[in-house]
Colleague: 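Handing you a structure now.
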Amino acid sequence: MVIGVLKEIKPNEYRVAAIPATVKEIVAHGHTVYVQSGAGVGSGYSDEDYEAAGAIVADKDTVWEKSQLYYKVKEFFPEEFKWIQEDKIIFTYIHSNAHPAETDVLLDSKCTAIAYEDIPDKNGKFPLLRPMSEIAGKGGFIAALNFMQTIHGGPGKLLCNVAGVPSPIVTCLGCGNIGTAIAELASSWGLDVRILDINIDVMLEAKKHLPNVQFMFSNRENLERCLKETDVLFNGTQWAKERTDHIVYREDVRLMKKGSMIVDVACDDHGAIETTESTTHTDPIYFEEGIMHYCVDNIPSAFAQTASVTLANATLPMLLAIADKGVKKAIEDDQYLRAGLTCWGGYLTLKETALKQNRPWTDANELIKTW
Ligand SMILES: NC(=O)c1ccc[n+]([C@@H]2O[C@H](COP(=O)([O-])OP(=O)(O)OC[C@H]3O[C@@H](n4cnc5c(N)ncnc54)[C@H](O)[C@@H]3O)[C@@H](O)[C@H]2O)c1
C-alpha cells in the first residue's frame with residue numbers, strides 16, 4: 001500500500017503521524033511511504049531522517065496524489081477536502097461529530113475513514129486516546145506550574161513542597177488517564193492532591209499507584225469543600241457533548257480563593273466547567289470571576305516529539321493491519337478497528353455523529369456482510 005504522511009495545517013499543531021522508526025517498520029512490510037517535506041520538523045525529525053528510514057520525501061501535492069492511505073494526526077480542514085476521494089483511506093483523529101462540513105465531505109466522497117479516537121480495546125478503553133491524555137494531563141500540570149508564577153500573571157506560588165511553607169492543594173475532577181497523570185506529577189512534587197470521581201473502581205485501582213493522593217466521590221459536598229481550599233482545579237472528566245449541565249457552575253467558580261486557577265484539560269466548551277472556553281497555545285489563559293483559566297484544547301502539541309513518538313507507536317499495529325491485509329479484510333477481522341470506522345462508501349457508521357448531526361446510521365457489523 002502507498003501511505004502518505006502529511007504535514008498538519010492546524011495552527012500550533014506540530015505532531016506528525018509517523019516517526020522515522022515507525023516508517024522503517026512500515027517499509028519493512030513492503031509498503032511505500034511518502035512523507036510531505038517538513039512534516040516532521042515540529043517534532044524534531046528532518047526530511048533526511050525520513051529518507052534514511054526508507055520514505056520518499058515529496059511536496060504536498062505529490063503526497064496527496066500518490067497516497068492510497070492518508071496517515072495524519074488532526075481532522076481535515078476545508079483546503080484539504082478536495083483530496084478526499086472514493087479510493088482513499090483516511091486514518092487520523094477525525095472528530096466528525098464536531099465537524100459537520102468534514103462529515104459531508106467524507107460521505108459525499110465515499111472514502112473509507114477510520115477514526116483513532118473511536119477504536120476501543122477489549123477493556124472498553126481507547127488505546128489511541130490514552131497516550132495523548134497522559135501527555136495532556138502532565139502538560140496541564142506544567143502549565144499550572146508556569147502560570148502560578150508572578151511573572152506570568154499568577155499569585156507567585158511554587159507548586160511544590162518547600163520547607164516552611166504549607167504545600168499547595170490541587171484537585172482533579174476525574175480519575176482517568178488525565179487525572180492520574182496529573183496526580184502522578186503533583187504528588188511527586190509534594191502537593192496535597194485530591195481526586196474526585198463517580199467511579200469507585202477506577203479510584204481503587206489508582207489508589208494502588210498513588211498512595212499519597214486523597215480519593216473522594218464527586219458530589220456537591222466534596223466539590224464545594226475542595227473548591228474553597230484548592231490552589232489549582234484540574235478537569236479531566238469525560239463529559240458528553242450534548243450535556244447542558246455542569247459539575248462546576250459559574251457560582252462555584254466564585255467559591256475559589258483569590259489567586260487560584262482552573263486548568264481544564266478535558267476542555268469541553270461550557271462542559272464540566274461552565275466557564276470554560278477553549279484557548280490556544282498562543283493565547284492560553286483568560287480570567288472569569290477573577291480566576292485564571294487555562295483551557296488549551298491541544299496541549300500535547302506543545303510536547304510534539306513525545307506525543308508523536310507515543311502516537312506513532314500506538315497507531316502502528318493498526319496501520320500495518322490495514323496496509324498488509326487491505327482495509328476491508330482488516331475491518332472484517334478486527335471488531336475494534338471496525339468500531340473506529342466512521343464511514344465507508346457513503347454510509348455513516350459512527351453512531352455518535354449520526355445522532356448529533358441527525359443523519360442516517362448504518363451498523364458497520366451489518367455493512368461488512370454486504371461487501
Ligand atoms: N486538551 C487536550 O489537549 C486533551 C488531550 C487529551 C484528552 N482530552 C480530553 O480529556 C477528556 C478526558 O480524557 P481521559 O482520557 O482522562 O478520559 P477517561 O475516560 O480516562 O477519564 C474520565 C474520567 O472522568 C470520570 N467522570 C465522569 N463524570 C464525572 C463526574 N461527574 N465527576 C468526576 N469524574 C467524572 C470518569 O469516571 C472517568 O474516570 C476527554 O474528553 C478527552 O477528549 C483533552
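Atoms within each ligand, like the ligands themselves, are counted from 1 in listed order. Predicted model, so just to flag it, every value in this text is computed and none were measured. By convention here, the first residue in the shown sequence is residue 1.
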Colleague: With a cut-off of 3.5 Å and sequence neighbours excluded, list every side-chain donor-acceptor pair involving residues 133-143.
Modeller:
from: Ser133; atom 1: OG; to: Leu129; atom 2: O; distance (Å): 3.4
from: Glu134; atom 1: OE1; to: Arg130; atom 2: NH1; distance (Å): 3.3
from: Glu134; atom 1: OE2; to: Lys138; atom 2: NZ; distance (Å): 2.7
from: Lys138; atom 1: NZ; to: Glu184; atom 2: OE1; distance (Å): 3.3
from: Lys138; atom 1: NZ; to: Glu184; atom 2: OE2; distance (Å): 3.4

Colleague: Assess the side chains of Asp363 and Asn365: does a donor N or O sit below 3.5 Å from an acceptor N or O?
Modeller: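 Judged by distance alone, the side chains do pair up.
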Colleague: With a 4.0 angstrom cut-off on heavy atoms, strictly below it, pick out the residues next to ligand 1 and order them by chain and number.
Modeller: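 The answer is Met132, Ser133, Ala136, Gly174, Cys175, Gly176, Asn177, Ile178, Leu196, Asp197, Ile198, Asn199, Val202, Ser218, Gly236, Thr237, Gln238, Trp239, Ile247, Val265, Ala266, Val296, Asp297, Asn298, Ile299, Pro300, counting any residue whose heavy atom sits under 4.0 Å from ligand 1.
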Colleague: Only distances under 3.5 Å count here; give the side-chain donor-acceptor pairs of residues 318-330 to other protein atoms, sequence neighbours excluded, each with its distance to 0.1 Å.
Modeller:
from: Asp324; atom 1: OD1; to: His29; atom 2: ND1; distance (Å): 3.3
from: Asp324; atom 1: OD1; to: His31; atom 2: NE2; distance (Å): 2.6
from: Asp324; atom 1: OD2; to: His29; atom 2: ND1; distance (Å): 2.8
from: Lys325; atom 1: NZ; to: Asp333; atom 2: OD2; distance (Å): 2.9
from: Lys329; atom 1: NZ; to: Asp333; atom 2: OD1; distance (Å): 2.9
from: Lys329; atom 1: NZ; to: Asp333; atom 2: OD2; distance (Å): 3.1

Colleague: Taking NZ, NE, NH1 and NH2 as the nitrogens, is one of them in Asp104 or Arg359 under 4.0 Å from a carboxylate oxygen of the other?
Modeller: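 A salt bridge is present here (some side-chain N lies under 4.0 Å from a carboxylate O).
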Colleague: Among side-chain atoms of His209 and Thr180, is any donor-acceptor pair under 3.5 angstrom?
Modeller: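 The criterion, which ignores hydrogens and geometry beyond distance, is not satisfied for Thr180 and His209.
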Colleague: Is there any salt bridge (charged side-chain N to carboxylate O under 4.0 Å, His left out) pair reaching into residues 71-90, and which pairs are they, with sequence neighbours excluded?
Modeller: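 Residue pairs with at least one partner in residues 71-90: Glu8-Lys72, Lys72-Glu80.
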